[in-house]
Protein chains: 2
Amino acid sequence: MNSQDVILGMLLKGPKSGYDMKQKFQSTFSFFYDASFGTIYPTLSKMEALGYITKESIIQEGKPNKNIYSITPSGREKFQEYIHSPMESEVYRSDFLMRLFFGEFVDKAVIIGWFERKIEELEASHQSLSTGYEQFIHHSSPTQALCAEFGMEQLKMSFAFLKKGLEKLHNLEE
Amino acid sequence: MNSQDVILGMLLKGPKSGYDMKQKFQSTFSFFYDASFGTIYPTLSKMEALGYITKESIIQEGKPNKNIYSITPSGREKFQEYIHSPMESEVYRSDFLMRLFFGEFVDKAVIIGWFERKIEELEASHQSLSTGYEQFIHHSSPTQALCAEFGMEQLKMSFAFLKKGLEKLHNLEE
DNA sequence: ATGAACATGTAAGTGGTTACATGATTGT
DNA sequence: ACAATCATGTAACCACTTACATGTTCAT
């Protein structure tokens with residue numbers, strides 16, 4: 001799975017611009033994928049050259065032309081190739097857990113600070129996710145709903161862990 | 001956080017070879033970090049050149065010399081610099097969730113196959129993790145125990161989700 | 001006047017992966 | 001006979017990030 005595959009998948013539901021895609025990456029896909037403009041635009045050019053997508057430029061005043069991309073039959077084929085290829089394993093890289101692992105080499109107060117900031121972070125993403133969550137669940141495909149449910153459960157689990165962990169830390173050597 | 005920082009952290013507990021480190025990466029760190037030999041060995045050479053670590057070659061017969069690395073005061077400083085720098089956000093990239101998101105474009109049987117394989121995968125990693133889990137919890141620092149507990153809870157949550165999701169899929173349009 | 005949203009793109013750099021090369025020893 | 005474990009290292013490649021460049025409109 002790379003950005004090409006994801007872009008192909010997005011375009012199955014209709015034409016989109018690079019800017020539109022970035023927004024999808026930051027909202028819907030945010031908790032299991034991400035891509036920057038520095039990836040999106042060059043990938044789009046490459047995919048057009050390969051014939052997986054076609055570009056339609058929409059002239060705009062005051063803004064750069066908007067490039068709307070559509071998937072071609074060859075692109076659909078490419079997507080089916082991806083989706084039926086062997087599944088890749090998950091990648092999870094956590095600076096928080098790494099620091100926690102090395103926690104014995106820093107002051108307790110520093111660790112508590114990490115927990116507090118993580119809790120704030122999760123509270124913020126919970127806020128932005130729960131807004132529109134119910135609607136999303138009901139207006140999306142069954143598998144997309146499943147995806148969202150996983151995200152929610154992950155969030156809840158992490159939250160519970162952090163709260164419990166913070167308490168344990170406070171209770172240490174008192 | 002990059003491989004350098006993690007290697008520095010590992011060496012705080014005592015000297016290690018590149019091969020030793022790879023094993024740590026695959027066991028202890030596996031669920032929140034990983035690095036291949038192609039990363040480890042060049043990184044080690046670079047770190048030696050920078051003065052963060054020192055090498056001691058142990059001559060062996062029939063095998064290549066074993067290079068045991070130790071951390072220097074400059075390396076300890078570098079580690080403290082990392083551990084007190086702003087925390088990086090988590091990276092989670094899931095091919096499984098991405099495919100699930102695009103589930104409407106494949107046969108239901110294919111999706112069920114993905115779930116079944118994921119369940120098998122998690123069962124295998126649960127087996128290998130739970131062996132020695134209790135000992136690890138009791139023989140490690142409080143923060144390392146917390147790390148392991150997080151891994152376990154994540155595993156349990158994922159497992160429950162997959163089981164429930166598989167049932168939901170079977171019950172679809174019957 | 002300041003920043004966010006809209007909109008695309010490039011260049012330099014980073015941080016990795018995969019595959020290959022070497023080769024003895026031990027277990028099945 | 002075959003695979004796994006021990007043990008290190010390199011070369012080619014890849015995907016991606018960050019920072020920069022450009023420029024308007026709208027809201028505060």
Side-chain angles (χ1 to χ4, degrees), chain A residues 1-8 15-27 29-30 32-50 53 55-69 82 85-86 88-93 95 98 128, chain B residues 1-8 15-27 29-30 32-50 53 55-69 82 85-86 88-93 95 98 128:
Chain A
M1 173 190 53
N2 54 29
S3 297
Q4 253 198 55
D5 300 320
V6 185
I7 288 171
L8 252 16
K16 271 167 202 63
S17 71
Y19 195 88
D20 294 338
M21 292 177 199
K22 177 62 186 163
Q23 288 184 316
K24 279 256 169 197
F25 276 122
Q26 285 183 320
S27 54
F29 295 110
S30 62
F32 56 93
Y33 202 82
D34 197 22
S36 65
F37 283 125
T39 299
I40 294 170
Y41 290 122
T43 303
L44 251 14
S45 302
K46 197 183 158 194
M47 289 169 77
E48 199 200 354
L50 290 169
I53 57 177
K55 177 167 77 178
E56 197 203 345
S57 285
I58 291 174
I59 286 101
Q60 297 189 129
E61 279 160 49
K63 297 176 200 173
N65 291 346
K66 196 170 176 168
N67 297 327
I68 303 286
Y69 293 93
Y82 152 65
S85 69
E88 288 165 39
S89 49
E90 328 261 285
V91 174
Y92 179 55
R93 174 170 299 135
D95 195 20
M98 189 56 83
S128 64
Chain B
M1 172 189 56
N2 54 29
S3 297
Q4 253 199 55
D5 301 320
V6 185
I7 288 172
L8 252 15
K16 271 166 202 67
S17 71
Y19 195 86
D20 294 338
M21 292 179 200
K22 177 63 186 165
Q23 288 183 317
K24 278 255 170 196
F25 276 123
Q26 284 181 321
S27 54
F29 295 111
S30 62
F32 56 92
Y33 202 82
D34 197 23
S36 64
F37 282 126
T39 299
I40 294 170
Y41 290 121
T43 302
L44 250 17
S45 302
K46 198 184 157 192
M47 287 168 77
E48 199 200 355
L50 290 168
I53 57 177
K55 178 167 76 178
E56 197 203 344
S57 286
I58 291 174
I59 285 102
Q60 297 189 129
E61 279 161 48
K63 297 176 201 174
N65 291 348
K66 196 170 176 168
N67 298 328
I68 303 288
Y69 293 94
Y82 151 65
S85 69
E88 287 165 41
S89 50
E90 329 260 284
V91 174
Y92 180 55
R93 174 169 297 135
D95 195 20
M98 189 57 84
S128 63

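Since the model is a prediction, treat every value here as computed from it, not as a measurement. So you know, we letter chains A, B, ... as the sequences are listed, proteins then strands, and number each from 1.
- Residue Ser45(B) is classed as having no contact, given no heavy-atom separation below 4.0 Å to the nucleic acid.
- Distance Ile7(B) CD1 to dG15(C) P: 13 Å, rounded to the nearest Å.
- The closest donor-acceptor contact from the side chain of Tyr82(A) to the backbone of Asn2(A) lies at 3.5 Å or more, if one exists at all.
- Rounded to whole Å, atom P of dA7(D) lies 8 Å from atom CD1 of Ile68(B).
- No engagement by Thr43(A) is indicated, since no non-hydrogen atom pair under 4.0 Å with the nucleic acid exists.
- Within 4.0 Å (heavy atoms only), Gln4(B) reaches no atom of the nucleic acid at all.
- At distances below 3.5 Å, not a single donor-acceptor pair connects side-chain atoms of Lys16(B) with backbone N or O atoms of Tyr69(B).
- For Pro42(A), counting side-chain heavy atoms from C-beta on, the closest listed nucleotide (dT10(C), dT8(C), dC16(D)) is dT10(C).
- The phosphate of dC16(D) (OP1 or OP2) has no side-chain N or O of Ser36(A) nearer than 4.0 angstrom.
- Between Phe29(A) and Phe32(A), the ring-plane angle classifies as perpendicular under the 30° and 60° cut-offs.
- Of the residues near DNA chain D, Lys55(B) and Gln23(B), the one whose nearest nucleotide (by heavy atom distance) lies more toward the 5' end is Gln23(B).
- Among the heavy atoms of the strands, none lies under 4.0 Å from Phe25(B).
- Considering only side-chain N and O atoms, Tyr33(A) lies under 4.0 angstrom from the phosphate OP1 or OP2 of dC16(D).
- Spacing between atom CG of Leu44(B) and atom P of dA7(D) amounts to 14 Å, rounded to whole angstrom units.
- The CD atom of Gln26(A) sits 13 Å away from the C1' atom of dA4(C) (whole-angstrom rounding).
- The separation between Asn65(B) atom CG and dA7(D) atom P is 11 Å, rounded to whole Å.
- We find that CE of Met21(B) is positioned 15 Å from P of dG16(C), with the value rounded to whole Å.
- One can place OH of Tyr41(A) at 4 Å from P of dT8(C), the figure rounded to the nearest angstrom.
- Summarising the geometry, the separation between NZ on Lys66(A) and C1' on dA7(C) is reported as 9 Å, rounded to the nearest angstrom.
- For Thr39(A), a side-chain nitrogen or oxygen approaches OP1 or OP2 of dT17(D) to under 4.0 Å.
- Ring planes of Phe37(A) and Tyr19(A): parallel class, angle under 30° (limits at 30 and 60°).
- Going from atom OG of Ser89(B) over to atom CZ of Arg93(A) covers 11.5 Å, rounded to the nearest 0.5 Å.
- Listed nucleotides dA5(C), dG16(C), dG9(D) differ in distance to Asn67(B); the shortest reach to its side chain belongs to dG9(D).
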